Amino acid sequence: MQKYIPGEFEKKINAYWEKNQVHKTVSPDGKKEKIYALSMFPYPSGAGLHVGHVRIYTGTDVLARFFRMNQKAVMHPMGWDAFGLPAENAAIKAKKNPMDMVPDNIKNFKKQMSMLGLSYDWNRELSTIDPAYYRLTQWLFIQFFKMGLLYKKNTPVYFCEFCKTGLAEEEVLSDGTHERCGRPITRKELPQWIFRITSYADRLLNDLENLDWPEGILEMQKNWIGKKEGINIAYKVSNKDRSAIDEKITVFTTRPDTNFGATFIVLAPEHDFVKKIISGKIKTDDWIKKDLEEYVKKSLAKTDQERINERRKKTGAFTGFYAVNNLNNRLMPIWTSDFVLSEFGTGAVVGVPGHDVRDFEFAKTFGLDVIRVVVGKDGDKTPITKKEQVEEGGGTMINSGFLDELGTQDATNKIMDFIEKKGWGKRVVTYHLRDWIFSRQRYWGEPIPMVFCKNCADQNISWWKTDEGIRFSKSHQNISKQDKNITKNMAGWFPLVEQSLPLELPYTKSYEPTGTGESPLTKIKGWVETKCPHCGASAKRETDTMPNWAGSCWYFLRFASQKINSKSQISNYKKNPNNKEQNLFGTWDLEFRASIKKWLPVDWYLGGAEHAVLHLLYSRFWVKAMQDLGLLDFSEPFLRLRNVGMVIAEDHRKMSKSFGNIINPDDVVLEYGADALRIYEMFMAPFNQEIAWSTTALQGAYRFLNRVWKIYHSFKFNPITSKIEDDKKKLIGKLNKTIQKVTDDIPQTKFNTAIAAMMEFLNDWERFNKPLASESLDVDEAKKFLQILAPFAPFITEEIWLNVFGEKNSIHLSNWPKSGDLVVEEELKIPVQVDGRLRSFVVLSRQDLSEKKIIESAVKDEKVSKFIGGKKYKAIYVKGKILNIVLAG
RNA sequence: GGGCGAGUGGCGGAAUGGCAGACGCGUAGGUCUCAAAAACCUAUGAGGGCAACCUCAUGAGGGUUCGACUCCCUCCUCGCCCACCA
């Protein structure tokens with residue numbers, strides 16, 4: 001018998017699959033239901049595939065193969081998220097141009113994926129750095145600009161001094177470091193392209209309801225969007241002597257019920273009122289102005305890490321002015337402090353120190369008044385002097401005029417009505433979600449297809465005032481929601497003529513980030529200088545590029561169409577930069593729309609949980625915006641989302657070069673074969689749970705496959721004699737149960753228990769009728785077991801299918817076996833408990849299976865009667881499951 | 001501080017109202033071998049007992065139930081996400 005040496009046939013099987021196009025997408029028709037199974041696509045780093053990648057991709061592959069065998073029309077594509085920081089930083093480190101290096105990385109990734117037996121339809125391969133691909137990324141950018149979702153503005157951005165780029169808030173970790181490079185982040189004010197994702201906040205929140213996603217991810221998105229209902233209250237500002245000045249301070253609060261307890265106002269250091277005092281527009285004492293100036297300067301210079309380190313320590317400066325509380329005419333001093341965030345609400349807070357710990361700390365630090373207006377559960381009515389007494393929860397109102405005695409909820413409603421009626425404020429909804437900063441001062445990204453024309457800007461012409469802009473607004477009335485401020489501020493900015501796309505990223509030797517807040521593209525004069533699409537005067541291109549999220553926001557759509565898909569064109573592009581034909585395939589045409597309709601949304605989306613508020617939120621946003629543009633007729637991209645757990649090293653640390661604990665999938669495949677690696681990673685734990693690498697457990701998976709190999713290679717094709725008929729029936733019963741279990745488990749991503757069930761069956765099969773174990777099943781039944789193993793171990797099963805059974809077509813295109821009639825066992829074994837503790841079993845034939853008979857034979861059982869000991873009892877029988885005899889007394 | 005999840009043998013885990021520890025790893029003993037590896041066989045939660053068996057046991061404590069790893073309450077520990085969000 002041949003030994004199981006995976007290296008000897010895995011390559012051959014791969015060639016067979018390719019030749020016979022086994023993984024080719026089958027188009028869905030009336031009969032075949034479509035299944036779109038997708039793994040989150042990787043950025044092709046130089047390090048090659050991680051064993052963590054293997055886990056995600058194998059999971060999706062098991063699903064794809066399972067559904068294919070169930071005769072569904074399956075699309076299972078793969079592509080490359082090749083723009084962005086990780087690729088670029090790696091390239092810089094290697095001192096290579098990313099445009100030269102990334103295509104090599106892709107080749108390596110692709111080779112590794114084939115080696116693993118991942119059943120991708122490579123005809124649909126795409127890469128985000130392919131000009132044929134990002135042509136549409138740019139085109140979409142322009143559409144979003146036209147509908148008023150994009151604007152450019154000076155904004156304080158999170159800035160990574162190491163990566164030398166601005167970042168989105170989502171890319172900043174809670175310790176104030178950069179998600180990608182781990183270095184501390186500062187803030188810098190830069191002109192940025194910004195996406196108005198906030199105008200979709202409500203839809204992004206509400207549509208979560210219908211998604212079959214992990215609960216945790218849904219929660220994270222909900223929290224990130226962070227919808228809060230409250231009220232904006234405007235206060236008049238006065239001097240200490242109550243003489244009014246012509247200013248108002250508007251605060252946002254969710255607890256207006258506590259407003260009788262308000263004793264001060266705090267503004268963010270960036271607040272306009274503060275700026276006005278510092279600039280001298282509002283006059284105040286010199287020493288106050290100086291203090292304020294110093295404080296603001298100091299707090300704005302802090303890095304986020306410094307802010308975080310200071311945490312709860314309260315700092316601040318007094319403005320010299322007071323706000324008048326309308327409710328009780330109280331003068332509330334106006335302070336500034338960096339615990340108030342300029343981006344949230346109105347950037348101003350009303351201080352209620354009795355019922356907010358932060359406010360209390362601030363009041364204590366600066367000697368401000370504390371008033372109790374709520375009596376909480378503890379019933380404490382005494383003045384609040386200690387932090388522990390601060391009542392943040394609900395309760396009953398006191399010291400609050402007409403609100404006294406009311407509960408928190410009633411008081412809130414009553415005072416909101418009251419304030420609105422008096423015209424002092426207005427109910428508002430705020431969100432934690434901020435607009436999405438979309439520019440990066442880096443080379444390796446899609447060029448932003450916008451041009452700035454000084455000539456037009458001087459005449460205050462914005463795109464929306466051009467003929468084209470007016471026409472667009474008329475034909476898209478439902479979505480033309482760019483507000484007046486945006487229109488006003490966007491004078492001089494024009495999108496490229498769409499026919500000229502793609503705006504290709506130029507090949508350059510100086511691709512390293514500049515650190516000046518401008519991208520390296522700025523230095524390429526011939527590229528920057530262009531003509532204004534509107535007036536024809538000389539103009540300048542936008543030199544910032546898009547973030548790496550851009551390409552991944554719509555790639556799942558692109559797979560749907562093969563026609564406008566293409567092989568990576570980077571090399572062609574470099575050889576013939578002027579050959580537009582070669583780099584331009586299709587557009588958002590009818591064919592593309594039809595393909596999208598056929599395949600989208602994605603049915604199964606598998607990937608890590610780390611994208612919860614990044615890629616998964618951005619993609620949902622783009623899809624909704626595209627729906628509004630009439631490009632799509634659905635609102636959610638991913639129907640089912642499943643998370644994969646991380647694979648960490650054997651020493652329970654992250655796999656990393658510096659720890660020297662990296663497992664390279666190539667080595668594993670070389671030694672144990674791809675099937676063993678796949679089985680191991682699917683078997684070790686529930687799919688969404690973290691696993692630590694274990695080479696001995698991997699060897700267990702190999703042993704299992706080795707036994708499969710042996711039993712099939714010693715398989716005799718003769719039917720079995722009648723002598724063992726009964727046992728054989730049992731084995732076939734077990735086989736049917738196993739088929740049922742695997743069939744149920746796979747769509748629930750319970751891969752570990754599916755594999756355990758198959759191991760159990762193999763144990764039984766081997767034990768049965770030794771030493772001729774292989775004779776114990778008929779050929780047809782032996783094939784069924786091979787088939788249910790096929791999605792997990794595609795190579796070994798194919799090899800046996802073709803070369804042991806002599807099948808003509810791939811096992812992966814065969815029909816998934818039916819579990820058949822479960823063989824009814826003649827005898828049934830019922831566990832018997834006495835007082836809830838297992839004491840014995842009764843074995844009865846099916847005919848005798850009445851409750852009466854069971855109880856009769858149970859009490860006769862020696863082990864049972866011993867415990868009954870003549871006492872009275874009642875019996876509880878759960879049909880076919882268990883009998884419990886409960887003793888009286 | 002807020003949200004979510006998890007605590008079961010030496011280890012990864014199974015069972016989610018009905019026989020706790022499936023399956024795998026590890027360990028011990030054995031077969032084969034001059035020997036080793038591989039492969040195969042047997043045992044393997046803890047305690048007691050020659051044994052049949054018995055007792056204890058799913059983070060801790062309480063509750064519901066004929067019956068709880070599973071449901072409810074209180075607490076402890078760990079992990080992940082968010083966080084000076086008004």
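Numbered from 1 within each chain, the chains take letters A, B, ... in sequence-line order. Since we're looking at a predicted model, the values are computed, not measured.
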If you measure from the [atom1] atom in [N] to the same atom in [M], how many Å do you get, rounded?
N      : M      : atom1 : value
B/rU8  : B/rG59 : P     : 6 Å
B/rU58 : B/rG9  : C1'   : 10 Å
B/rC25 : B/rU16 : C1'   : 25 Å
B/rC54 : B/rA20 : P     : 13 Å
B/rC41 : B/rG24 : P     : 11 Å
B/rA37 : B/rG26 : P     : 13 Å
B/rU65 : B/rA15 : P     : 28 Å
B/rG45 : B/rG21 : P     : 10 Å

Which of these nucleotides, [options], is closest to any side-chain atom of [X]?
X        : options                : value
A/Val886 : B/rG24, B/rG3, B/rC66  : B/rC66
A/Arg837 : B/rA86, B/rA22, B/rU55 : B/rU55
A/Arg434 : B/rA22, B/rC81, B/rC85 : B/rC85
A/Lys228 : B/rC85, B/rC4, B/rC84  : B/rC85
A/Met759 : B/rA22, B/rU55, B/rG24 : B/rG24
A/Asn223 : B/rA86, B/rG3, B/rG12  : B/rG3

Please find the pair of heavy atoms, one from A/Thr365 and one from A/Lys314, that lie closest to each other, and give the distance.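 Minimum heavy-atom separation between A/Thr365 and A/Lys314: CG2-O, 3.6 Å.
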Using the glycosidic torsion, which applies to B/rG17: syn (within 90° of 0) or anti (everything else)?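 Judged by the O4'-C1' to base torsion, B/rG17 sits in anti, the angle falling more than 90° away from 0.
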Keeping the roles fixed (side chain from [X], backbone from [Y]), state whether a donor-acceptor pair exists under 3.5 Å.
X        : Y        : result
A/Glu420 : A/Arg427 : yes
A/Gln389 : A/Lys386 : yes
A/Thr408 : A/Gly395 : yes

Identify whether any heavy atom of [X] sits under 4.0 Å from a base atom; if not, whether one sits that close to sugar-phosphate; answer base, sugar-phosphate or nothing.
X        : result
A/Ser694 : nothing
A/Phe867 : sugar-phosphate
A/Asn763 : sugar-phosphate
A/Gly700 : sugar-phosphate

Distance, rounded to the nearest Å, where [X] contributes [atom1] and [N] contributes [atom2]:
X        : N      : atom1 : atom2 : answer
A/Arg55  : B/rG12 : CZ    : C1'   : 11 Å
A/Met758 : B/rG24 : CE    : C1'   : 13 Å
A/Glu650 : B/rC11 : CD    : C1'   : 11 Å
A/Met220 : B/rC4  : CE    : P     : 12 Å
A/Glu690 : B/rC11 : CD    : C1'   : 15 Å
A/Arg767 : B/rC40 : CZ    : P     : 12 Å
A/Trp693 : B/rG24 : CH2   : P     : 19 Å
A/Ile217 : B/rG3  : CD1   : P     : 18 Å

Does [N] pair with anything, Watson-Crick or G-U wobble, both distances under 3.5 Å, and if so, with which nucleotide?
N      : result
B/rA15 : none
B/rC4  : B/rG79
B/rC53 : B/rG48
B/rC25 : B/rG10
B/rC71 : B/rG63
B/rC84 : none
B/rC32 : none

Mind checking whether [X] and [Y] have side chains closer than 4.5 Å, heavy atoms only?
X        : Y        : answer
A/Thr263 : A/Val370 : no
A/Tyr235 : A/Val350 : yes
A/Asp356 : A/Glu392 : yes
A/Leu731 : A/Trp765 : yes
A/Thr58  : A/Tyr680 : no

Is it the case that B/rC84 (base atoms only) and A/Lys314 (side chain only) share a donor and an acceptor within less than 3.5 Å, ignoring hydrogens and angles?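 Result: at least one qualifying N/O pair found.
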Do any N or O atoms of the protein come closer than 3.5 Å to N or O atoms of nucleotides 14-20 of chain B, and which pairs are they?
| unit_1 | atom_1 | unit_2 | atom_2 | d |
| --- | --- | --- | --- | --- |
| B/rA14 | OP1 | A/Asn752 | ND2 | 3.1 |

Restricting both atoms to N or O, compile the protein contacts to nucleotides 36-39 of chain B shorter than 3.5 Å, with distance only.
| unit_1 | atom_1 | unit_2 | atom_2 | d |
| --- | --- | --- | --- | --- |
| B/rA39 | O2' | A/Lys710 | NZ | 3.3 |

Is there a side-chain hydrogen bond (donor to acceptor under 3.5 Å, both in side chains) between A/Asp745 and A/Thr753 once you walk through the steps? CA-CA 7 Å; A/Asp745 278 356; A/Thr753 50; 2.8 Å; yes
Between A/Tyr702 and A/Trp709, is the ring centroid distance below 6.0 Å?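 Ring-ring flag for A/Tyr702/A/Trp709: false, centres at least 6.0 Å apart.
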Need to verify one output field. Residue with the more 5' nearest nucleotide on RNA chain B, A/Ile755 or A/Ser342?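 Per heavy-atom nearest nucleotide, the more 5' residue is A/Ile755.
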Pick one: which of A/Thr258, A/Asp257, A/Thr253 meets side-chain hydrogen bond (donor to acceptor under 3.5 Å, both in side chains) with A/Arg255?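 Between A/Arg255 and the candidates, side-chain hydrogen bond (donor to acceptor under 3.5 Å, both in side chains) is satisfied uniquely by A/Asp257.
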Which class fits the ring pair A/Phe761 and A/Phe785: parallel under 30°, tilted 30 to 60°, perpendicular over 60°?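 It falls in the tilted class, 30° to 60°.
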